[in-house]
Number of protein chains: 2
Amino acid sequence: MKYSEYKKLLKDHTLRITDCRINVLEKFYNTTHALSFKNLEDALSDYDRVTLYRTLSSFIEKGLLHRIPSDDGYASYGLCREDCTEGGHHHDHVHFKCNVCGHIECLPAYHVPKVELPGYEVNEQNLIVSGVCKICRKSFNGE
Amino acid sequence: MKYSEYKKLLKDHTLRITDCRINVLEKFYNTTHALSFKNLEDALSDYDRVTLYRTLSSFIEKGLLHRIPSDDGYASYGLCREDCTEGGHHHDHVHFKCNVCGHIECLPAYHVPKVELPGYEVNEQNLIVSGVCKICRKSFNGE
DNA sequence: GAATTAATGCAACCAAATTGCATCATGACT
DNA sequence: AGTCATGATGCAATTTGGTTGCATTAATTC
Ligand SMILES: [Mn+2]
Ligand SMILES: [Mn+2]
Ligand SMILES: [Zn+2]
Ligand SMILES: [Zn+2]
């Protein structure tokens, strides 16, 4: 993806164009899995931790990223490829956590099946599946 | 539930019978929803934070409680009513988080639907549904 | 009841995340 | 381009949630 495209992406989400934000965006677009804060910090160590935290917050607020909670307490962040805006996020895809490589993936092709809970009002559903991812499985079997 | 029953419960899970543990158990059995650490700390302020943390850990390890991750990063803890032991937990029920009262409930009557992910090896599934719980809905409509 | 072993409380510690504030950069408007 | 208002950044300080070490106390076993 080209620099100007990242710029447009930021502009479209009413975010000022800065070095840090471009780099964070780039990192997300060049990674197939979701990123934890630690991942980001390691990859972009020339920016202050605080700045990275604030970048994540603003991206989430503006609908560029979504937070993916994990059972171990450490959240990851994934790109919103859907129509998320400042108004709110609209995700219903499955998240997968690999117990081998530790990566968390968004699976936009798989939607969370709607459960009916009589008496309750259901607003959102969040499904995290864990196991072994495609890549780790391959390197385990065939090599 | 009677004191002697809590004692038996602890004994059956190879845990020493102590004041703190009885009180924690009692608290869980007298609450319909899951409890966060904060909840516990507030309810049982005469015990040290460290002791409460360790009580939770040992209860989880011995299959008395299970940890329920939440999207906000703060876990809750729910009673294991199933056959969980030191060997491991076996849960496949849905968890519900009410956005009004903030409570998290275990819904043992509702099982997490199995999703098929070709190429992946699925070990565990974790579904958190959020919305408005039965109680909050009632007090909103009827009241 | 004495010995053994585990649980508790307190203080110290630690990592993750947040806040305040001065400085610097961006974008809007001449 | 130059000015200005506003937002972003970096650093230090602080807060928060949780853990560790260790001496004391309590529960089990015999
Ligand atoms: Mn996702
Ligand atoms: Mn549960
Ligand atoms: Zn993997
Ligand atoms: Zn409620």
Side-chain angles (χ1 to χ4, degrees), chain A residues 3-4 6-27 34-65 67-77 86 102 104, chain B residues 3-4 6-27 34-65 67-77 86 102 104:
Chain A
Y3 182 80
S4 61
Y6 293 124
K7 270 175 72 168
K8 180 168 177 354
L9 211 52
L10 289 173
K11 207 170 282 183
D12 288 351
H13 287 81
T14 62
L15 285 162
R16 284 197 177 179
I17 288 133
T18 70
D19 227 45
C20 178
R21 286 177 179 166
I22 297 279
N23 277 296
V24 170
L25 262 190
E26 203 171 18
K27 177 73 186 162
L35 297 169
S36 67
F37 176 77
K38 192 85 182 30
N39 290 155
L40 257 198
E41 197 184 13
D42 292 345
L44 300 166
S45 54
D46 38 339
Y47 297 105
D48 194 89
R49 299 176 23 251
V50 178
T51 305
L52 293 176
Y53 276 120
R54 292 197 264 229
T55 302
L56 285 177
S57 304
S58 59
F59 280 12
I60 290 171
E61 191 185 329
K62 296 303 173 74
L64 266 168
L65 290 179
R67 200 188 133 92
I68 309 163
S70 180
D71 47 358
D72 60 12
Y74 293 92
S76 286
Y77 304 88
E86 185 153 14
I104 293 184
Chain B
Y3 182 79
S4 61
Y6 293 124
K7 271 176 72 169
K8 181 170 178 350
L9 210 53
L10 289 174
K11 207 169 282 181
D12 289 350
H13 287 82
T14 62
L15 284 161
R16 285 198 176 177
I17 288 132
T18 70
D19 227 46
C20 178
R21 287 178 178 167
I22 296 279
N23 277 295
V24 170
L25 263 190
E26 204 171 17
K27 176 74 185 163
L35 297 169
S36 66
F37 176 77
K38 193 87 183 28
N39 291 155
L40 256 197
E41 196 184 14
D42 292 345
L44 300 166
S45 54
D46 38 339
Y47 297 104
D48 194 88
R49 292 177 327 118
V50 179
T51 304
L52 293 176
Y53 275 118
R54 292 197 266 229
T55 302
L56 285 177
S57 304
S58 59
F59 279 11
I60 290 171
E61 191 184 330
K62 296 302 174 74
L64 225 38
L65 290 179
R67 201 185 132 92
I68 309 164
S70 181
D71 46 355
D72 60 11
Y74 293 93
S76 286
Y77 303 88
E86 185 153 11
I104 292 184

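The structure displayed is predicted, hence computed values, not measured ones. Within every chain, numbering begins at 1; the chains are lettered A, B, ... in the order of the sequence lines, protein sequences first and strands thereafter.
- Evaluation of atom-type donor-acceptor distances gives no pair under 3.5 Å for the side chain of B:Arg49 against the base of D:dG17.
- Both B:Tyr47 and A:Tyr53 lie close to DNA chain C; mapped to their nearest nucleotides by heavy-atom distance, the more 5′-ward contact belongs to B:Tyr47.
- Remark: side-chain polar atoms of A:Ser36 are paired, donor with acceptor, to backbone N or O of A:Asn39 under 3.5 angstrom.
- When each of B:Phe37 and B:Leu15 is assigned the nucleotide of DNA chain D with its nearest heavy atom, B:Phe37 is the one assigned upstream, toward the 5' end.
- Atom CG in B:Asp48 sits roughly 6 Å away from atom P in C:dG9 (whole-Å rounding).
- Note: CD1 (B:Ile22) to C1' (C:dA7) measures 14 Å, nearest angstrom.
- Judged by distance alone, the side chain of A:Arg67 and the main-chain N or O of B:Asp71 form a donor-acceptor pair under 3.5 Å.
- Distances from the side chain of B:Arg54 to the nucleotides C:dT26, D:dT19, D:dC22 place D:dC22 closest.
- When A:Leu15, A:Thr55, A:Leu9 are each tested for a side chain to side chain contact (heavy atoms under 4.5 Å, CB included) with A:Leu25, only one passes: A:Leu9.
- Between A:His13 and A:Gly63, the shortest heavy-atom distance links the atoms NE2-O, 3.9 Å.
- With rounding to whole Å, B:Tyr6 atom OH is found 21 Å from D:dA27 atom C1'.
- Taking 4.0 angstrom as the limit, B:Thr18 places none of its side-chain polar atoms (N or O) nearer than this to OP1 or OP2 of D:dA26.
- Rounded to a whole Å, the CD1 atom of B:Ile17 is 15 Å from the P atom of C:dA6.
- In this structure, the OH atom of A:Tyr74 is 10 Å from the P atom of D:dG18, given to the nearest Å.
- Checking A:Val50, A:Leu44, A:Asp46 one by one against A:Asp48, the side chain to side chain contact (heavy atoms under 4.5 Å, CB included) holds for a single residue, A:Val50.
- Note on A:Thr51: a side-chain N or O is less than 4.0 Å away from OP1 or OP2 of D:dG10.
- Taking atom CD of B:Glu41 as the reference point, atom P of C:dG9 lies 13 Å away to the nearest angstrom.
- Remark: P of C:dG27 and NZ of A:Lys8 are 15 Å apart, rounded to the nearest angstrom.
- Heavy atoms of A:Arg21 sit under 4.0 angstrom from primed sugar atoms or phosphate atoms, though from no base atom.
- Rounding to whole angstrom units, CG of residue A:Asp72 and P of D:dG17 are separated by 18 Å.
- When the nearest nucleotides of DNA chain C are assigned to B:Val50 and B:Asp19 by heavy-atom distance, the more 5′-ward of the two goes with B:Asp19.
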